[in-house]
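The structure under discussion appears below in the form of structure tokens.
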Amino acid sequence: MKISFLLNGRQFETEVSPTERLSDILKSNGKIFSVRTSCLKGECKSCSVIIDGEVVPSCMIPAFSVRGSDITTLEGFSKTRDYHDIIQAFEETGASPCDFCRGGTILTIQSILERFAEPEEPQILDAFSGNICPCTNIGLIMDSVKRAALYRKRKRLGRK
Amino acid sequence: MEGNNLGRNIYAPQSLNELLHMREQHPDTILWSGGTALMRMQKGPVPSFDRDIIHLSGVNELKKIRRTERYLEIGAAVPVKKIINVGQHILPFALAQALMSIGSPAVRNLATMGGNLGIKDRRLNSFSVLMLMDSIVELRRSGKSRWIQLGRLNSIGEAEILTRIRIPFRNWDLQYFRAVGDPLLHPMDSLSFTVLAETNKGIISNLRFAVGNTGKSTLRSLDFETYLSGKKLRLSGKEFDAAVNIFQSFVQNAEGDLTPFQKDRSLRFVHWFLRELRDVYIFTE
Ligand SMILES: Cc1cc2nc3c(=O)[nH]c(=O)nc-3n(C[C@H](O)[C@H](O)[C@H](O)COP(=O)(O)OP(=O)(O)OC[C@H]3O[C@@H](n4cnc5c(N)ncnc54)[C@H](O)[C@@H]3O)c2cc1C
Ligand code: FES
Ligand code: FES
């Protein structure tokens with residue numbers, strides 16, 4: 001079947017089989033490198049994308065359900081101001097997710113910041129539950145989320 | 001019809017009437033709500049389904065939340081995230097806990113309550129809580145609708161669709177929910193524990209409890225419920241011990257229904273819950 005959707009702001013059309021995973025379509029047909037797959041069970045978050053404003057695991061999403069959707073991957077998100085808050089927070093805390101985890105980690109942080117102006121530890125841990133990264137300290141991620149939240153708050157208040 | 005793969009059709013109805021009609025024409029189809037359980041149960045990297053699929057996301061009638069003075073009504077295809085967002089003053093705490101323990105926020109953006117209740121041979125997170133709350137569900141097929149107590153929902157008929165879940169409001173001032181494990185993929189190593197009760201001047205009344213997420217069954221002990229109903233808070237040490245004993249013999253008699261892991265966890269949960277009633281609960285009315 002042919003499907004089309006907005007991919008990082010551009011119309012994208014491709015031929016797929018209807019129950020193919022969106023993660024596979026993005027990787028092979030869309031040449032999106034930030035989307036990785038590992039568990040294929042909705043747990044590890046390495047395949048996270050934003051669909052119509054919500055962060056979702058793209059391995060859980062079949063092709064037939066994304067027709068006409070607005071899909072953003074890390075490639076698209078990295079052109080936004082919100083992305084830079086998160087990167088600045090990473091730089092300051094020293095958190096440095098590897099290329100495999102980067103997309104999922106950044107988009108998961110974005111989903112937390114969209115829901116909570118001042119995220120607390122249980123909310124951050126909940127969002128990262130199931131994450132299988134053995135190398136980045138969750139404490140650093142937690143600090144990064146809180147810092148990024150602070151930058152956004154300052155921006156809202158018009159301070160630097 | 002949306003598309004076709006290896007002879008499988010994908011139907012995408014845009015209204016409830018259209019959905020009921022399609023389901024009648026094709027009773028042997030897979031209903032696709034959030035798809036999180038269906039995808040999680042896939043064994044290989046390339047998903048394959050042995051039947052045609054009806055995708056529910058275009059049916060707006062299934063995506064509504066309604067609230068009256070007497071009940072909260074949730075459409076079967078409302079995402080769990082949206083249900084949680086209804087807020088703590090409306091959504092009973094134990095139900096919120098049960099929904100919050102489904103996957104991660106990203107999964108809960110997709111998962112629905114209809115999908116949680118709709119899996120054959122599995123009773124998942126929301127079942128016990130909703131059952132204890134006397135919730136009823138609407139099952140529809142073309143030209144027919146029936147409301148039944150959730151506790152009596154053994155399976156959804158071939159041509160039927162679960163459309164709405166109605167949760168009566170009651171003053172459950174004691175609410176506990178805890179769960180361990182993955183009830184979908186590893187039901188033998190999974191368990192939930194739910195308690196609801198009302199209190200009046202510090203006296204427990206109408207206590208209900210269930211051990212769930214164990215696979216096909218949800219277990220209740222009338223002896224345990226009756227023993228605790230009528231007790232004054234906080235519990236005395238003697239009452240604590242007696243309640244533990246009643247629960248222990250209930251668990252021993254549940255031979256065949258609970259694995260050793262589930263027995264152990266349910267005992268731990270019951271200790272935790274009774275300790276709350278003995279040590280923590282302070283009556284403030
Ligand atoms: C990482 C992860 C962790 C999870 N953890 C948990 C957990 O801890 N506890 C838990 O309970 N679940 C868990 N789940 C499973 C699943 O996400 C939930 O059970 C969810 O509520 C299923 O909803 P869905 O809409 O995605 O269902 P779907 O996958 O769309 O459907 C599930 C089943 O219900 C049927 N169905 C769907 N809608 C209807 C309807 N309206 N009428 C009749 N039948 C219908 C479908 O045909 C299918 O058989 C987890 C899933 C993931 C990916
Ligand atoms: S590959 Fe999608 S969540 Fe792990
Ligand atoms: S940061 Fe990628 S595995 Fe740890």
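So you know, we letter chains A, B, ... as the sequences are listed, proteins then strands, and number each from 1.
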Side chain / backbone / both / neither for [X] at chain B, heavy atoms under 4.5 Å:
X	answer
A/Ile51	neither
A/Cys39	neither
A/Lys2	neither
A/Ser111	neither

Nearest atoms (heavy-atom pairs only) where [X] meets [Y]:
X	Y	result
B/Gly103	A/Ser129	O-OG, 3.8 Å
A/Asp126	B/Met100	OD1-O, 4.3 Å
B/Asn109	A/Glu54	OD1-OE1, 3.5 Å

Self-check item: Contact leader toward chain B among A/Gly42, A/Ala127, A/Cys59, where contacts are heavy-atom pairs under 4.5 Å
Solution: A/Ala127
Exercise. Name the option with the most non-hydrogen atom pairs under 4.5 Å to chain B; the candidates are A/Val55, A/Leu107, A/Val16.
Key: A/Val55
Nearest 0.5 Å please: distance from the [atom1] atom of [X] over to the [atom2] atom of [Y].
X	Y	atom1	atom2	result
B/Lys81	A/Arg115	NZ	CZ	6.5 Å
B/Leu38	A/Thr19	CG	OG1	11.5 Å
A/Ser65	B/Leu56	OG	CG	12.0 Å

Heavy-atom count around [X] [atom1] within 6.0 Å, excluding the residue itself: above 12?
X	atom1	value
B/Phe93	CZ	no
B/Met41	CE	yes
B/Gln88	CD	no
A/Gln11	CD	yes
A/His84	NE2	yes

Quiz item: Among residues 25-34 of chain B, which ones touch chain A with a heavy-atom distance under 4.5 Å?
Solution: B/Trp32
Quiz prompt | Test item: A/Pro18 and B/Arg8 side chains (from C-beta on) under 4.5 Å apart, heavy atoms | solution = no
Quiz item: Is there a donor-acceptor contact under 3.5 Å from the side chain of A/Arg21 to the main chain of B/Pro45?
Solution: yes
Quiz prompt | Side-chain donor or acceptor of A/Lys41 paired with backbone N/O of B/Met39 under 3.5 Å | solution = no
Quiz item: Taking it one step at a time, do A/Ile61 and B/Leu110 satisfy side chain to side chain contact (heavy atoms under 4.5 Å, CB included)?
Solution: CA-CA 9 Å; A/Ile61 299 192; B/Leu110 300 168; 4.1 Å; yes
